[in-house]
Amino acid sequence: MNLKYRRLKGTRDLLLEEIERWHWCEGRWREVLARYGYGEIRTPIIEPAGLFMRSVGDGTDIVEKEMYSFESRGGESLCLRPENTASVVRAYLENGLTRQPGTLKFYYMGPMFRHDRPQAGRYRQFHQVGVEAIGSASPVLDAEVIQTAMALFEAVDAQGLTVLVNCIGCPSCKPAYVAGLKKFLEENLERIPPAFRGRIGTNPLRLYDAKDDEVLALLAEHPPITSALCPACREHHAEVLGTLDDLGVPFVEDPSLVRGLDYYGRTTFEITAVSGRKQSSLAGGGRYDGLVAQCGGPQTPAVGFSIGIERTLLHLADEPIDPQRSRQTQVDVYVACLDEPSQRYGLVACDLLRGLCSVEVDTTGRSVKAQAKSANLRRAKILLTVGKDEIAAGTLQLKNLETGDQVPVARDRLLATVREVLEG
RNA sequence: GUGGAUGUAGCUCAGUUGGCAGAGCCCCUGGUUGUGGUCCAGGUGGUCGUGGGUUCGAAUCCCAUCAUCCACCCCA
């Protein structure tokens, strides 16, 4: 069809069987997150653009070319959030939570926006479920956070995942390493394809992200960051890995795992799908001990992650659903009405049923046959039929669609009878 | 930003060398005066993505454009 309006590139409509899948996942996740001590936080989708430029980093791809930024009527520079960590930190400070004792643990679920070229598992409006644990510098918390991410995957039966872990240092050891790496790369500039050279000046560490063989071969000749960590980072990293062992969370150390956001320090991790070429990175996270202070708050350590919901669902082996049935919403009781007076009688008579189950009163005026057909399509267990005769007698015809039995039921017996059929 | 594939009925797709626009599913009606899931008969539904060109004639060939999907880059 040649439609007048179409959805924007990289956005999707979620409905019918797909939204049911989302609800199922979201329910499981909320349960798990509560068990790990997280409370929900919902922050605005629009924020000041500066929040992300400073926290995520203005040399990153996200800020450089993927932000949906625009000017408000008042001339303020705004943007649709490309991620949620910075917003949570902003909210943490803005709501005066810095003096709260203990670790504050928030989870979020919601849409993020990045102006990328869409492809399988990548959308311009996509959704993440994530957590932020603010207020503890302990490596044990890092491990718990990683375990939390895995628990979320397990809750929706996601299989075949690998946890990649790395430590990218802190302000006392990272700068020296980065400077050394930069020097090394500049000395070997001719071995680096032009497409990657730009990153050397802005963030040399991100060369490790490249999948290019020449780049990787060159980097193999340079010591990894894990060999240049200061004693404190070294110990922190060992504690994280040791705690993961204690918890029985399998992981793979990956010294090339640097993440695309500036605020990460020390622990970084990623959870990837082993099989399939699609977008294999399902989740990413790490520690960001400097971010709260950078946003104007007191020096406060924190760690978190986010999971891509679309990618997770894509990764789940989804059993095919009947394409026709999946286009109708399930209902328990379907009320077929012969004419408009019957519709009115049916609607009123069935009002009480809604306290017990779901009810659809058909007001299309189609043939009873067509209405009964819809009842079947909607997977109804009971078909109630109303016409002149039922109105006169003060009854409804009640048909059990599983057995095919049909009996007239008096209006005042309707609720009890429907309950019997549904429970029996 | 770069590369590849695909656009035909609500859905999934055929369409030969350029010669009347097709199938299956769905939907509607009837078979069954007021009853589904099976069956039978009939029916509705199309600017062939859009614009231009070649041609007696274009879904088909050419050009442009838009959209979708996939991949790169990067990331969730």
Side-chain angles (χ1 to χ4, degrees), chain A residues 1-3 6-12 56 60-66 82-85 109-130 149 193 195-196 198-199 203 206-207 209-212 215 257-261 270-273 277-285 305-315 322-328 334-339 342 362 364 366-390 396-406 408:
Chain A
M1 251 198 306
N2 214 352
L3 296 174
R6 305 179 59 85
R7 56 174 204 274
L8 261 34
K9 186 195 287 288
T11 64
R12 296 201 308 152
V56 173
T60 61
D61 282 9
I62 291 176
V63 168
E64 224 169 46
K65 50 185 198 189
E66 294 172 6
E83 59 107 44
N84 209 12
T85 300
M109 287 175 19
M112 309 297 159
F113 304 83
R114 291 183 200 170
H115 194 101
D116 237 359
R117 197 73 167 256
Q119 65 181 269
R122 192 169 67 197
Y123 302 94
R124 289 184 173 181
Q125 175 174 340
F126 63 103
H127 297 77
Q128 293 183 329
V129 51
F196 299 96
R199 278 187 228 169
N203 192 346
R206 282 190 48 235
L207 262 291
D209 276 340
K211 285 157 203 157
D212 185 88
V215 175
L257 179 68
V258 295
R259 301 199 43 78
L261 290 74
E270 199 166 302
I271 297 172
T272 62
R277 287 193 198 134
K278 314 242 175 207
Q279 305 303 313
S280 61
S281 174
L282 302 192
F305 67 78
S306 65
I307 294 177
I309 298 182
E310 285 87 353
R311 287 188 185 180
T312 301
L313 265 55
L314 199 62
H315 178 257
D322 184 319
Q324 296 308 329
R325 290 204 146 193
S326 69
R327 288 179 168 256
Q328 297 274 333
Y334 201 91
V335 188
C337 308
L338 280 169
D339 51 19
S342 305
D362 193 316
T364 60
R366 296 128 85 209
S367 67
V368 173
K369 179 175 177 163
Q371 295 187 50
K373 212 169 167 182
S374 281
N376 189 58
L377 212 57
R378 298 285 293 270
R379 290 158 281 170
K381 296 178 191 73
I382 291 172
L383 173 67
L384 297 174
T385 310
V386 182
K388 282 195 295 287
D389 299 349
E390 286 74 24
L396 298 91
Q397 292 295 329
L398 185 151
K399 183 171 188 174
N400 182 328
L401 289 176
E402 274 153 35
T403 63
D405 301 334
Q406 178 165 314

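Per chain, numbering begins at 1; letters A, B, ... match sequence-line order. Excluded from the calculations below are hydrogen atoms, water molecules and symmetry mates; all remaining heavy atoms, backbone and side chain alike, are included.
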Length of the CD-C1' vector between Glu66(A) and C72(B), whole Å: 14 Å

Roughly, in whole Å, what's the span from CG in Leu282(A) to C1' in C75(B)?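 After rounding, the gap between these two atoms is 12 Å.
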
For [X], enumerate each residue passing the side-chain hydrogen bond (donor to acceptor under 3.5 Å, both in side chains) test, keeping only those at least two apart in sequence or located in another chain.
X	value
Thr60(A)	none
Arg122(A)	Asp116(A)
Arg259(A)	Glu270(A)
Glu64(A)	none

Counting only Watson-Crick and G-U wobble pairs with both atom distances below 3.5 Å, the stems of 3 or more consecutive pairs that include RNA chain B are B:1-7 with B:66-72, B:10-13 with B:22-25, B:27-31 with B:39-43, B:49-53 with B:61-65

Listed by chain and number, what are the side chain to side chain contact (heavy atoms under 4.5 Å, CB included) partners of [X], not counting sequence neighbours?
X	result
Asp389(A)	none
Phe126(A)	Met112(A), Arg114(A), Tyr123(A), Gln128(A), Glu310(A)
Pro408(A)	Gln397(A)

Examine the base of U35(B) for any acceptor or donor lying under 3.5 Å from a partner atom in the side chain of Gln406(A), and report the outcome as yes or no.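 Under the 3.5 Å cut-off, the side chain and the base do form a donor-acceptor pair.
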
Counting heavy atoms from C-beta on, name the nucleotide in [options] closest to the side chain of [X].
X	options	answer
Gln119(A)	C75(B), G36(B), C70(B)	C70(B)
Arg114(A)	A71(B), A76(B), C27(B)	A76(B)
Phe126(A)	A76(B), U35(B), C27(B)	A76(B)
Arg7(A)	U68(B), A71(B), G37(B)	U68(B)
Ala372(A)	A76(B), U35(B), C27(B)	U35(B)
Arg311(A)	C70(B), C73(B), C75(B)	C75(B)

Look at Asp339(A) together with Lys388(A) and state whether they make a salt bridge at an N to O cut-off of under 4.0 Å. no

Would you indicate what [X] reaches in the nucleic acid, counting non-hydrogen atoms under 4.0 angstrom: base, sugar-phosphate, or nothing?
X	value
Ala375(A)	nothing
Glu83(A)	nothing
Gly121(A)	base

Each nucleotide in nucleotides 42-51 of chain B should get exactly one letter: B, S or -. Can you fill that in based on protein heavy atoms under 4.0 Å? -----B-SS-

Pair Ser374(A), Arg366(A): side-chain N/O donor-acceptor within cut-off below 3.5 Å: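 Result is yes, a qualifying pair exists.
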
Distance check, P atoms only: G10(B) and C27(B), in whole angstrom units.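 Straight-line distance between the two P atoms is 15 Å.
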
Take atom C1' in C48(B) and the same atom in C20(B), then report the distance between them in whole Å. 15 Å

Check: protein-nucleotides 1-3 of chain B nitrogen or oxygen pairs below 3.5 Å:
| from | atom 1 | to | atom 2 | distance (Å) |
| --- | --- | --- | --- | --- |
| U2(B) | O4 | Arg117(A) | NH1 | 3.0 |

Would you tabulate the nitrogen or oxygen pairs shorter than 3.5 Å linking the protein to nucleotides 29-33 of chain B?
| from | atom 1 | to | atom 2 | distance (Å) |
| --- | --- | --- | --- | --- |
| G31(B) | O6 | Lys369(A) | NZ | 3.3 |

With a 4.0 Å cutoff (strictly under), does any side-chain N or O of Arg6(A) reach OP1 or OP2 of C66(B)? no

For Arg117(A), all residues meeting salt bridge (charged side-chain N to carboxylate O under 4.0 Å, His left out), sequence neighbours excluded: none

